[in-house]
There are 4 protein chains.
Amino acid sequence: MRSQPDTLDPSPWMPFETRKRARDEKRVALLRTAVRLFLEEGYHRTPLSKVAERLNITKMALYNYFGSKEEILAELFRLGSEQYEAGFTAAESMKGDGLTKLRQLIRAYVAIVTDDFGMCFARIDDRELSDEARIAVRRAKRCYDSTFRALIRAGIADGSIRPCDPKLAAFVIIGALNGIADWYRADGALSPDILGTEFALRLTEGYAMQRPEQP
Amino acid sequence: MRSQPDTLDPSPWMPFETRKRARDEKRVALLRTAVRLFLEEGYHRTPLSKVAERLNITKMALYNYFGSKEEILAELFRLGSEQYEAGFTAAESMKGDGLTKLRQLIRAYVAIVTDDFGMCFARIDDRELSDEARIAVRRAKRCYDSTFRALIRAGIADGSIRPCDPKLAAFVIIGALNGIADWYRADGALSPDILGTEFALRLTEGYAMQRPEQP
Amino acid sequence: MRSQPDTLDPSPWMPFETRKRARDEKRVALLRTAVRLFLEEGYHRTPLSKVAERLNITKMALYNYFGSKEEILAELFRLGSEQYEAGFTAAESMKGDGLTKLRQLIRAYVAIVTDDFGMCFARIDDRELSDEARIAVRRAKRCYDSTFRALIRAGIADGSIRPCDPKLAAFVIIGALNGIADWYRADGALSPDILGTEFALRLTEGYAMQRPEQP
Amino acid sequence: MRSQPDTLDPSPWMPFETRKRARDEKRVALLRTAVRLFLEEGYHRTPLSKVAERLNITKMALYNYFGSKEEILAELFRLGSEQYEAGFTAAESMKGDGLTKLRQLIRAYVAIVTDDFGMCFARIDDRELSDEARIAVRRAKRCYDSTFRALIRAGIADGSIRPCDPKLAAFVIIGALNGIADWYRADGALSPDILGTEFALRLTEGYAMQRPEQP
DNA sequence: CATGAATGAGGGTTCATTCAT
DNA sequence: GATGAATGAACCCTCATTCAT
């Protein structure tokens, strides 16, 4: 199709780059399609043929990008994990007391869990994964728990959060946040932003030392 | 074999009753085994042969009690539903203001969601069900949501709960409660009772008009 | 149910006879039900449970009367065969020339093939049978063919039937007669008698030396 | 592999065509094998594994060509139906009086019913089919009946056929013709052509206004 | 005789995956 | 890279039949 190399780019490696980029784009498209279908229909009820069909390619073409269905899922979890890492890092590195950081983390979490990859990480059964991948996912999940607990503890320590059981408080918050994935609709009225702000407020007001001013 | 009717035998139907009871017991054992495996391994990764194996019978014996795998799952959802109905009815019929009832409902919900059947209802993907069964489950789930919202609204009306968005508050509470199913272990330190009390307190303190006294 | 032996019959064997008769009646009822279902639904699509259901007994009770499903079918073929034997014997033993006998045979055949057992013999696939039974059935079928051919030959010999290929003529006649089973309905307008008379006439008029008078 | 386009190669689509043709040939081979086995052994007694075995492929390879066993059967009926349509259309469009056409139709019918697909249509139980396919088959069968009756009526009208009940006459003829499928052997002495001629004569001589000259 | 329970054989179908162009 | 074909592993389910009472 590309009969001539782009004349503005003299480099002979460009075609390679271009090709590689095209390949990466296809790979991403594949992952986006897969994650949507896995979320919409469930991992087991989504044959690879349906993924391919939605991409207008053949089932076998998928194997140029991934070695197995499980590998696709593992990659989705990895991408989800990346979302978490980014959001969590940002929230943790914020300035402010424990409560402020916690609220920021909640906002970040809402953004993550309303994103396809983040939602996949939160909702798809990780028992589908190979042992290795599953262990990594479990470790990551525990890590995210720990972050919540750490911020809560920090908040208690700095006086911004009322004394409470950090473990239980974290469970409550994370549970409520994960619950969003059960009913969130991208085409609904509640945007991730609004939800994030709302949940950041509501999920912490019970724990905050000072009640936020009521509207 | 029993050539003469034993006059002390209170009823000739006894054998029938006995056999029927045995059948029911087996049926229940089947359901208990199935729900455990479905929760432990996932519905799709649990062939009926494994269920049978754990019961020390052949796979085909299962078909004496259920017509299909999906029918087993549907029955599990039904039993889960029953748990909900019972707990919800009890909580709603309690005396007290909205907040009190809400707390009771939370305690009931924790008991339900830590029970195998209740947990199945909360966690297993209802898309596995036939259309008919799935519709019933969805309706039930919406009903449970409504109950939460109604109690919250009632609490706001009677002044026991601070003004808030009942829908969002219900999502927070239900999400946190469903989250329990993700980490609850029957052999763990936290009993459903303790969890119920704790969650009833923590999940409502942000909404309560008067803060509960801190320990 | 029968608390006392029939007082009019002093014989102690009568109960046995009675019981035996009851048994035979049940057996016949079973066969009648089976043949109806086999004809209506097809042998393979008729599980024994359906036969039992229509008889208001359990599937297992059937095994008190027959050792296997195939044995039931074999018995149905045997009963069908009896119908044939009777009808054929009567027709053959009639007085008259070949054509007259042939017409009588056709009438008899129509009666047979509109009877459940006769229809079963004609229509149900005899490959379902055990080797032994199937061989017997095949032999019988050949025998019936032979009878037709013999009568045709006799008719040709005695001048009542025009010279023709007896084999082919027999195929035509038998084929047309068996075809009745494909569309005959017991509750339809055409009774076996009428059909018999009509077919006896139409199927032979091409072969008759003298045309039957037209109405 | 072919590094340079062979300029003599008439078309780059040839490989595609070739592959498509190969696929079609395999598909047809599959159908031929299936119809033979279904006729020889019966539909229910022919597992797909046997069809595959005779084709020297695995059972699963069949699913590249058909979605289910029933779909194979439906296709066989469709092919059978095509045979009928072709033969019937040709016979109907012939010049000549009703009797001539009827005789031609009989010849066509014999050709059809001695062909594997036509025989399948005539003999295999259409209750195996899905509702949709079965309804289509039943409609086609009624249509073929009608054609016979119409020709007979036409023959009566134009004086080539003696007055008779067209419905009954059609039943006789069709029954006799379908009966051929019960005993016809492709390796036998009687070719479809001979049979067709013979049956066209014998099945109509009873109805013809003028008797065919006897040999 | 009759019943409920259990079993084993067998077949259709799905689907991920490998093979050969 | 991409494709069609083929394969093998499972799994659900039907149904005749045997077992134990």
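Predicted model, so just to flag it, every value in this text is computed and none were measured. Here is how names work: the chains are called A, B, and so on, in the same order as the sequence lines, proteins then strands, and each is numbered from 1.
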Taken to the nearest whole Å, CG/A:Leu55 to C1'/F:dT3 is 16 Å
Rounded to whole Å, please give me the gap between CG in D:Leu30 and C1' in F:dG4. 16 Å
Here the distance between atom P of F:dC19 and atom CD1 of B:Ile57, to the nearest Å, is 19 Å
Value in whole Å for how far the P atom of E:dC15 lies from CD1 of A:Ile72: 15 Å
Contacts of C:Lys59 and D:Arg45 projected onto DNA chain E by closest heavy atom; the upstream (5') one is C:Lys59
Rounding to a whole Å, what distance do you find between B:Glu70:CD and F:dC11:P? 19 Å
At less than 4.0 Å, is any side-chain N or O atom of A:Tyr63 found next to OP1 or OP2 of E:dT17? Yes or no. yes
Between F:dT14, E:dA6, E:dT18, which nucleotide gets closest to the side-chain atoms of B:Lys26? E:dA6
When rounded to the nearest Å, what value does the distance between C1' atoms of E:dC1 and F:dA20 take? 15 Å
Who does F:dT21 pair with, Watson-Crick or G-U, both distances under 3.5 Å? E:dA2
Check whether any side-chain N or O of A:Asn64 sits under 4.0 Å from OP1 or OP2 of F:dA2, and answer yes or no. yes
C:Leu73 CG to F:dC15 P, in whole Å, measures 17 Å
For the side chain of C:Met60, counting heavy atoms from C-beta on, which of F:dC13, F:dG4, E:dT3 is nearest? E:dT3
Side-chain heavy atoms of D:Val51 within contact of D:Ile72, under 4.5 Å: no
The answer to which of D:Leu62 and B:Ser49 contacts DNA chain F further toward the 5' end, by nearest nucleotide, is D:Leu62
Walking DNA chain E from its 5' end, the first of A:Ser68 and D:His44 to be reached, judged by nearest nucleotide, is D:His44
Can you tell me how far P of E:dG10 sits from NZ of D:Lys50, to the nearest Å? 11 Å
Under 4.0 Å between a side-chain N or O of A:Tyr65 and OP1 or OP2 of F:dA2? yes
Looking at E:dT7, F:dA2, F:dA5, which one has an atom nearest to any side-chain atom of A:Ala61? F:dA2
Return yes if some donor-acceptor pair links the side-chain N/O of B:Glu70 with the main-chain N/O of B:Ser130 below 3.5 Å, else return no. yes
Do C:Lys69's NZ or CZ and the ring of C:Tyr43 fall within the cation-pi criteria of under 6.0 Å and 45°? yes
Is the phosphate of E:dC1 approached by C:Arg23 (side-chain N or O, under 4.0 Å from OP1 or OP2)? yes
Which nucleotide in the list F:dA5, E:dA5, E:dA16 gets nearest to the side chain of A:Leu48? E:dA16
B:Lys69 side chain: which of F:dT7, F:dC12, F:dT18 is closest? F:dC12
Can you figure out which of E:dT18, E:dG12, E:dC15 approaches the side chain of A:Pro47 most closely? E:dC15
Let me see the working for B:Lys59 and B:Glu53 under salt bridge (Lys or Arg N to Asp or Glu O under 4.0 Å), right down to the final yes or no. CA-CA 7 Å; B:Lys59 178 176 53 166; B:Glu53 187 186 22; over 6 Å; no
Which residue in the set D:Arg123, D:Arg45, D:Lys50, D:Arg54 passes salt bridge (Lys or Arg N to Asp or Glu O under 4.0 Å) when paired with D:Glu40? D:Arg54
Nearest-Å distance, CD (C:Glu53) to P (E:dG4)? 14 Å
Using the side chain to side chain contact (heavy atoms under 4.5 Å, CB included) rule, take D:Arg78 and D:Phe117 through it: C-alpha gap first, then chi angles, then the decisive distance, then the call. CA-CA 9 Å; D:Arg78 210 186 54 72; D:Phe117 298 119; over 6 Å; no
Using only side-chain N and O atoms of C:Thr58, determine if any of them is under 4.0 Å from OP1 or OP2 of E:dT3. yes
Under a 3.5 Å limit on both distances, the Watson-Crick or wobble mate of E:dT13 is F:dA10
